Amino acid sequence: MRDIESKPSNFIRHIIDEDLKNNKNGGRVATRFPPEPNGYLHIGHAKSILLNFGLAEDYNGTCNLRFDDTNPHKENIEFVEAIKNDVAWLGCDWGDQVYFSSDYFDALYDFAVQLIKKEKAYICDLNAEEMRAYRGTLTEAGKDSPYRERTVEENLDLFARMKAGEFEDGSKVLRAKIDMASPNINMRDPTLYRIRHGVVHHQTGAAWCLYPMYDFTHCISDALEGITHSVCTLEFEDHRPLYNWFLDTLETENHPQQIEFSRLNLEHTITSKRKLTELVDNGHVEGWDDPRMPTIAGLRRRGCTPAALREFCQRIGVTKSENVVEMAVLEGCIRDDLNKNAPRRMAVLHPLKIVITNYPEDQFEELEAANHPQDESFGMRKLPFGRELYIDQEDFKEVPPKKYKRLIPGGEVRLRNAYVIRCDEVIKDAHDNVIELHCTYDADTHGKNPEGRKVKGVIHWVSAKHAIEAEVRLYDRLFNHPTPDNSKDGKTYIDHLNPQSLLTLTHCYLEPTLIDATPGEQFQFEREGYYSLDPMHQANNKPIYNRTVTLRDTWAKIEKRR
RNA sequence: UGGGGGAUCGUCCAACGGUAGGACUACGGACUCUGACUCCGUCAAUCCAGGUUCGAAUCCUGGUUCCCCAGCCA
C-alpha cells in the first residue's frame, strides 16, 4: 500500500475515511472506471482514472475497468483496445478481468422484468417527439403517458415481444414509472430500454435488438460488481436520485454511493469527447494520437510521461468547483519529470555552418560529454568535433541586443562540452543573409576556462560531417483562446484553432549518438527543450522528433518584453 | 415563478469555530560550460450585506453571480 500521507487528501477521501470509521461496506473500498468506448481517452479521463485506481490502491481496495457499452451505434472494438492501452500506460492495473456493461445484458433484462412486475415500469408507444412534449419543461410539470397504466401482463408480453424483435426501432420503449411532475426531469419516467435493430455490438454481436440506457445500466452494474464508491463527474449530480431509486426499488444486495467531482478543464484545449471526435473526423488534426491532442495517446506521442501525468493530477486536486487549469501546470510537471529523467543531447534546429579555420582539415577528435549535469549515473558519451560545425542561427547576431551573450562578430562563446571559439568573419549571400561564419578556436579551453578573460555564453553545436539529419516538429497550443469551447465571443472552438500549432523543421542536425534512439525515447536537446523520437513515423528515411515542451526560457521573456 | 451544484491569491488546491497556508505563474536576486536545473526572496485571496461568538473562510439569515439539467447519448 502506498503511503497515504504522500498524497494530498480531498473530499472523496474524507468521505471514505468516514465510511471506514463507521465500518460501512465492511471496510471494503471498491471503485471503477467506466469509459464508453466511443472515442479515445483524454487528460480529463486521466484525472478520473488516477482518482479511481488511486483510491483503490491507497485503501487496499479494488478498481474495475468497465466499458459502459450500451450504445453499439457509437462504439467499437478499436476504442476498447485503445482505452485499455492508455489505462495500462498510465500504470493502472485492472487485474485479470475487464468488465463490460454488456456482460449484464441478461441480468439487466431480468431486473427490468422485475420492475414491470412491481408496476414500476411500462411499455410506452409514444415516439421521441411526443415523449418530449409530454415531458414538460424545466418550469412546467410533464403529463402522464397514455400508456402509463398498461397492466403488468400486457407490459410483460410487450417487453418479451420487443426482445423477440417484433417491433420496429423507435416504436416502443420501456420506461420507469416514477413521477411526471417531478422537479427533477430525470425522474419524469425515464427511458430504460430502446429498440435497435441491425447494429452489431462489439461484444454481444447481433444477440440483442434491445439496449438498456445509461441510468438503468450504470447503477445496476455498480451494484452487481459490489462497487462501494461510484465516482463520477458533476453533470450526473441530478441523476443521483434516479441511481438511488433503481437500487432501492429493486432491492439489490449492494447499494453503492455515487459521489460527483468536477471535471478537468485545461486552458487552450478542449476535453469534450464529441468535439475531439470532430477534430479527428474533419481532419483538423492527424488523428486521435496527434501530439497536439489532449488525448492520452496524443500526450504519449508528444513525449509526456505517465509520471508527469500522475504528478499533474495530484497538483490539480479533486473538488466540486468549476476549474480551468493553466497549461503551465502540465508543462511544469512534464519538465520536472523529464529534467530528472531525460538524458541530454545536442541538436541544431536552425543550422548555421561555421568553419574553425585554425582546426586542421580532415582532423576529428572525440570529446566526452556528461549525459546529465546533475546525475552521474547517466554516464558519458563521446562527441565528434571537427573543422566544420553547425550552430543555431539564433546563437549568432551581427547586431546583438542588450545583454546578448552568445556569438557576435569578433566575440567569443563557449561551445558546450568543447572549446571557446571567436567569430572572425561573417559570410553572406547576395541577399545579405548570413550563411556561414569563420571562427578560430582556443585549443586551451577544453575543460577549463580561458586565461585572463571571461566567456559568458555557452551554445550547442554538432559536427557537420557526423550529424544526423532529422525532421523536428514544434508544437504550440491547439487553440488560441484559453477556453475555446466557451469563449463567449460568438465563435466556436473551430474558429479558435491555432493555425500555427504545428511547425515542421525539415533540416535539423542531431549529434550522432542519437542514431541509437528508440521509438518514444525522450531527450533533452540542451538549450532547446524536451524532444522524443516519434514512435509512429519517419520522414523520407529521416527520424522525426516531436517537441514535448520547451525549456523555461527567461531570455525569450526578456526579448518579448523589449 | 422549476430542480441540482459551486464561489478562498492571476490559476489550482488547503485550512472543517482559534496565526488564511502550499503549488503553479509573475517579479527580484544568487549560482551556472544549458539564459536550463537548483537555491534565496517579493507581490498576491476568503463573492456581498447583516447576525451569532471572546474569536467566523468555516455557523445562521438575506442577496449576488457562475455552472449543470427538458436524448430512445453517456
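Only a predicted model underlies this, so the values are computations on that prediction, with no experimental measurement involved. Chain letters run A, B, ... following the sequence lines, proteins first and then strands; every chain starts at 1.
- Side-chain proximity of A:Thr70 to the nucleotides B:G3, B:A74, B:G6 is greatest for B:A74.
- Side-chain N/O atoms of A:Gln374 and base N/O atoms of B:U38 include no donor-acceptor pair closer than 3.5 Å.
- A salt bridge links A:Glu412 with A:Arg453: at least one charged nitrogen is closer than 4.0 Å to a carboxylate oxygen.
- As judged by a 4.0 angstrom heavy-atom cut-off over every strand, A:Val455 is placed among residues making no nucleic acid contact.
- Which of B:U34, B:C73, B:A23 sits closest to the side chain of A:Arg315 comes down to B:A23.
- By the 4.0 Å N-to-carboxylate-O rule, A:Glu366 lies too far from A:Lys382 to be salt-bridged with it.
- Of the listed nucleotides (B:A74, B:C12, B:U34), B:A74 has the atom at the smallest distance from the side chain of A:Arg194.
- Of the candidate nucleotides B:G71, B:C27, B:G5, B:C27 has the atom nearest to the side chain of A:Arg561.
- With hydrogens and angles left out, the side chain of A:Asp238 and the base of B:G3 share a donor-acceptor pair within 3.5 Å.
- In this structure, the nucleotide among B:A70, B:A26, B:G4 sitting nearest to the side chain of A:Lys557 is B:A26.
- Note: NZ (A:Lys488) to P (B:U65) measures 13 Å, nearest angstrom.
- Between B:C24, B:C69, B:C72, one nucleotide has an atom nearer to the side chain of A:Glu326 than all others, and that is B:C24.
- Side-chain proximity of A:Arg552 to the nucleotides B:C37, B:C13, B:G35 is greatest for B:C37.
- B:U11 and B:A23 make up a base pair, with Watson-Crick or G-U wobble contacts both under 3.5 Å.
- A side chain to side chain contact (heavy atoms under 4.5 Å, CB included) with A:Val420 is found for exactly one of A:Leu415, A:Val413, A:Thr445, namely A:Thr445.
- For A:Met213, whose side chain is taken as the heavy atoms from C-beta onward, the closest listed nucleotide among B:C69, B:A14, B:A74 is B:A74.
- Candidate nucleotides B:C72, B:C13, B:G5 were compared by shortest atom distance to the side chain of A:Thr191, and B:C72 ranks first.
- For A:His239 and A:Phe236, the ring centers are positioned less than 6.0 Å apart.
- In this structure, A:Arg414 reaches the bases: a heavy-atom distance under 4.0 Å links it to at least one base atom across the strands shown.
- Listed candidates were B:C16, B:U25, B:C72. Nearest to the side chain of A:Ala328 is B:U25.
- Annotation: B:A7 and B:G63 have their C1' atoms spaced 14 Å apart (nearest Å).
- For B:C37, neither phosphate oxygen OP1 nor OP2 lies less than 4.0 angstrom from any side-chain nitrogen or oxygen of A:Arg335.
- Regarding contacts with the backbone of B:U1, every side-chain N or O of A:Thr139 stays at 4.0 angstrom or more from both OP1 and OP2.
- A 3.5 Å limit on both hydrogen-bonding distances identifies B:G51 as the Watson-Crick or G-U partner of B:C59.
- Each of A:Val348, A:Val462, A:Leu407 was scored for a side chain to side chain contact (heavy atoms under 4.5 Å, CB included) with A:Ile391, with one residue passing: A:Leu407.
- Distance CG (A:Asn371) to P (B:C33): 19 Å, rounded to an integer number of Å.
- A donor N or O paired with an acceptor N or O is found under 3.5 Å between the base of B:C16 and the side-chain atoms of A:His14.
- Taking a pair to require two hydrogen-bonding distances under 3.5 Å in either a Watson-Crick or a G-U wobble arrangement, B:U32 remains unpaired.
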